[in-house]
Amino acid sequence: GEQVVWDEKVYPEGNVEFWLTDVERMMRMSVNTQMKHSVADYAVNDRSAWVLSWPGQIILGVDQIYWTKETEQAISDGKLKEYHQQCHQQLLD
């Protein structure tokens, strides 16, 4: 199973309405932190290794960030066909 490490501990004390809100806040904060780390990791590591180093939820989010950025660049540069080939090769890897 995959895990996203929480940034801080949350203790279930008091009214459930309050501590469950804290759990939700910590889940969002922790995923955000992992996304930031993974964005930086993607830029410096081989994509094949990067994909295996992060939880699926993080991979999907970060991959969307880079796909959007790279697609916009390919359109601007008039190299969409080459980028399509690159994306296809990434799927095969």
Is there a side chain to side chain contact (heavy atoms under 4.5 Å, CB included) between His84 and Lys81 once you walk through the steps? CA-CA 5 Å; His84 174 264; Lys81 186 172 185 173; 5.5 Å; no
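- Hydrophobic clustering, with ILVMFWY side chains joined whenever heavy atoms are under 4.5 angstrom apart, keeps Ile75 apart from Ile65.
- Met35 and Met26 fall into different hydrophobic clusters, where Ile, Leu, Val, Met, Phe, Trp and Tyr residues are linked whenever their side-chain heavy atoms come under 4.5 Å apart, directly or through other members.
- Taking each heavy atom of Thr21 and Glu17 in turn, the nearest pair found is OG1-O, 2.7 Å.
- In this structure, the separation between CG on Asp46 and CG on Asp93 is 8.0 Å, given to the nearest 0.5 Å.
- Under the 4.5 Å side-chain heavy-atom criterion for Ile, Leu, Val, Met, Phe, Trp and Tyr, Val62 and Trp67 are members of distinct hydrophobic clusters.
- Considering CG of Asn32 and NE2 of His37, their distance stands at 9.5 Å, rounded to 0.5 Å.
- Between Thr68 atom OG1 and Asp63 atom CG the span is 9.5 Å, to the nearest 0.5 Å.
- Open room surrounds CD on Gln57; 12 or fewer heavy atoms of other groups in view lie less than 6.0 Å from it.
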Start with the C-alpha distance between Trp6 and Met29, add both sets of side-chain angles, then the distance that settles side chain to side chain contact (heavy atoms under 4.5 Å, CB included), and finish with yes or no. CA-CA 8 Å; Trp6 283 11; Met29 183 186 309; over 6 Å; no
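- Taking CD of Gln86 as the reference point, atom CG of Leu91 lies at 11.0 Å (rounded to 0.5 Å).
- In this structure, Tyr42 and Trp50 have perpendicular ring planes: the angle between them is above 60°, well past the 30° mark.
- Counting only heavy atoms from C-beta outward, the side chains of His88 and Leu92 approach each other to under 4.5 Å.
- Side-chain contact between Trp54 and Glu2 is absent, with no heavy-atom pair separated by less than 4.5 Å.
- Using a 4.5 Å cut-off between side-chain heavy atoms of Ile, Leu, Val, Met, Phe, Trp and Tyr, with links allowed through other members, Val39 and Val4 fall into the same hydrophobic cluster.
- Checked by atom type and distance alone, the side chain of Ser53 pairs as donor or acceptor with a backbone atom of Ala49 at under 3.5 Å.
- Taking both residues in full, the closest heavy atoms of Ala74 and Tyr83 are given as CB-CB, 3.6 Å, listed atom of the first, atom of the second, then distance.
- Residues Val10 and Val16 are members of one and the same hydrophobic cluster, defined by side-chain heavy-atom contacts under 4.5 angstrom among Ile, Leu, Val, Met, Phe, Trp and Tyr.
- Rounding to the nearest 0.5 Å places CZ of Arg47 at 11.0 Å from CD of Gln89.
- Between Asp7 and Thr33, the shortest heavy-atom distance links the atoms OD2-OG1, 2.7 Å.
- Atoms CD and SG, from Glu82 and Cys87 in turn, are 12.0 Å apart once rounded to the nearest 0.5 Å.
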